[in-house]
Asker: 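Mind having a look at this structure? Questions to follow.
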Amino acid sequence: MNFDLTEDQEMLKAVAERFVTDRYDVERRRQYLDEAGGFGAENWSLLGELGIIAAPFDEALGGLDLDATGVAVVYEALGRGLFVEPLIENALMAGRVFAAIADEAQRTKWMDAILSGEKRLAMAHAERGSRNGSLCVRTRADVSGKDATLCGHKPFVVAGFNADAYIVSARHDGGPSDASGWAFYLVPADARGLTVKPWRMADGSMAATLDFDETPAIVLDAGENAADVLTSVETLVSLARSAEMLGIMERMFADTLDYLRTREQFDQPIGKFQAIQHRMAAQYAILTQARALVELAVVKEAKPEFAKAVDGARAFIAGHALEMGHEMIQFHGGMGITDELALGFGHKRLLVLSRWPDDADTALDRYIDAA
């Protein structure tokens, strides 16, 4: 199997690595998280200029048509840098859903600004009752042609604070868990009747709760394609999350290895103790398996088993990432859980990625069902 990267993939990997090298250290990461949106606004604009935001989009829209291999490579590199910008949620998730279902007029109005980093879209889909990826849409839509009014509550809009607009799932027919009878709608952040309340996730990033009270919205699709589009995009997004987790695990392992080589007890580096060597060897084996599963997933792109391979990678990585975090923290002692080290942030980020939007067991169930 040939895993050599194309010229575009190599270029984007180098750009991503240079971005986190130049823009990130422990102190600046804390500063970015303290900004209004929970990330560096200047960094977001820079990611637009560098083409990282646009890369996974079709060339016809101004992107590079980056495939699954490229997506995995870029997000692994960004994960190693422990970046905080919501590329997965705003660009890869909301942006690609919008590009797939919006009409030509809406794409003309929004896409250039999205790809350049000038505007951000956020997905408002999950509701109470939709735990671990199950469908639950209670928000109601009263539709008239291409216009609608929405009433409801979306408590889990990740990277939704200070977004410029929201892609909202709302139901025009049927019950909350019905597979059909719902569609996506576009709601500008300044729409009448929309209330946005920010809250912090475990990794310090910002999310939002949205309330709709007869809020005007624009119909993005009539509902025929909503579920299929969402499923297709979520598969690529899940791969990106797994790749980011892999990058974080690599960073935590490397930082801990350096620490074990320099921290001394009984007049020798603690990395020479056999018990610690065995534990690090076990974590290295997990890291190697995680990489192999991501690579297996990317070579299945465009094949019927692509989604299954992605679920398999997520099930393994999400299930073992926190175990690695616990081990690396224990080697560092109390400092390992603080924000003084990149290790502490990495573990918190793994906590979010391994639980949102579903956990390892749910991904494993999908993998088994697809067998």
Asker: For the backbone of L78 and the side chain of E244, can you confirm whether one donor and one acceptor N or O come within less than 3.5 Å of each other?
Answerer: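 Not confirmed, E244 side chain does not pair with L78 backbone.
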Asker: Ring-plane angle category for Y24 and Y32, please: parallel below 30°, perpendicular beyond 60°, tilted otherwise.
Answerer: perpendicular
Asker: The test is salt bridge (Lys or Arg N to Asp or Glu O under 4.0 Å); show your working for D358 and R366 and say whether it passes.
Answerer: CA-CA 11 Å; D358 51 32; R366 288 197 302 268; 2.8 Å; yes
Asker: Is the backbone N or O of H125 less than 3.5 Å from a side-chain atom of K154, with the two atoms forming a donor-acceptor pair by type?
Answerer: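 Judged by distance alone, yes, a pair lies under 3.5 Å.
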Asker: Please check if the number of heavy atoms outside R30 that lie under 6.0 Å from its CZ is greater than 12.
Answerer: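 Count over threshold, so yes.
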Asker: Quick one about H153 and R138 (side-chain donor to acceptor, distance below 3.5 Å, no hydrogens or angles considered), yes or no?
Answerer: no
Asker: Taking all non-hydrogen atoms of both residues into account, name the closest pair between A207 and M201 and its distance.
Answerer: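 Looking at all heavy atoms of both residues, the shortest contact is CB-CG, 4.0 Å.
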Asker: Out of curiosity, T256 OG1 to Q283 CD, how far, rounded to the nearest 0.5 Å?
Answerer: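 That separation rounds to 9.5 Å.
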Asker: Is the number of heavy atoms from other residues, nucleotides or ligands within 6.0 Å of CZ (R28) greater than 12?
Answerer: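 Counting other residues, nucleotides and ligands, CZ of R28 exceeds 12 neighbours.
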Asker: Could you check whether atom NZ of K146 has more than 12 heavy atoms from other residues, nucleotides or ligands sitting under 6.0 Å from it?
Answerer: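 More than 12 within 6.0 Å, yes.
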Asker: Students often mix this up, so state it plainly: with edges at 30° and 60°, are the rings of F98 and W110 parallel, tilted or perpendicular?
Answerer: perpendicular
Asker: Classify the side-chain pair D178/S180 by whether it contains a donor and acceptor separated by less than 3.5 Å.
Answerer: no
Asker: Compute both the distance and the angle, then confirm whether K308 meets the cation-pi test with Y367: under 6.0 Å from the six-membered ring centre, within 45 degrees of the axis.
Answerer: yes
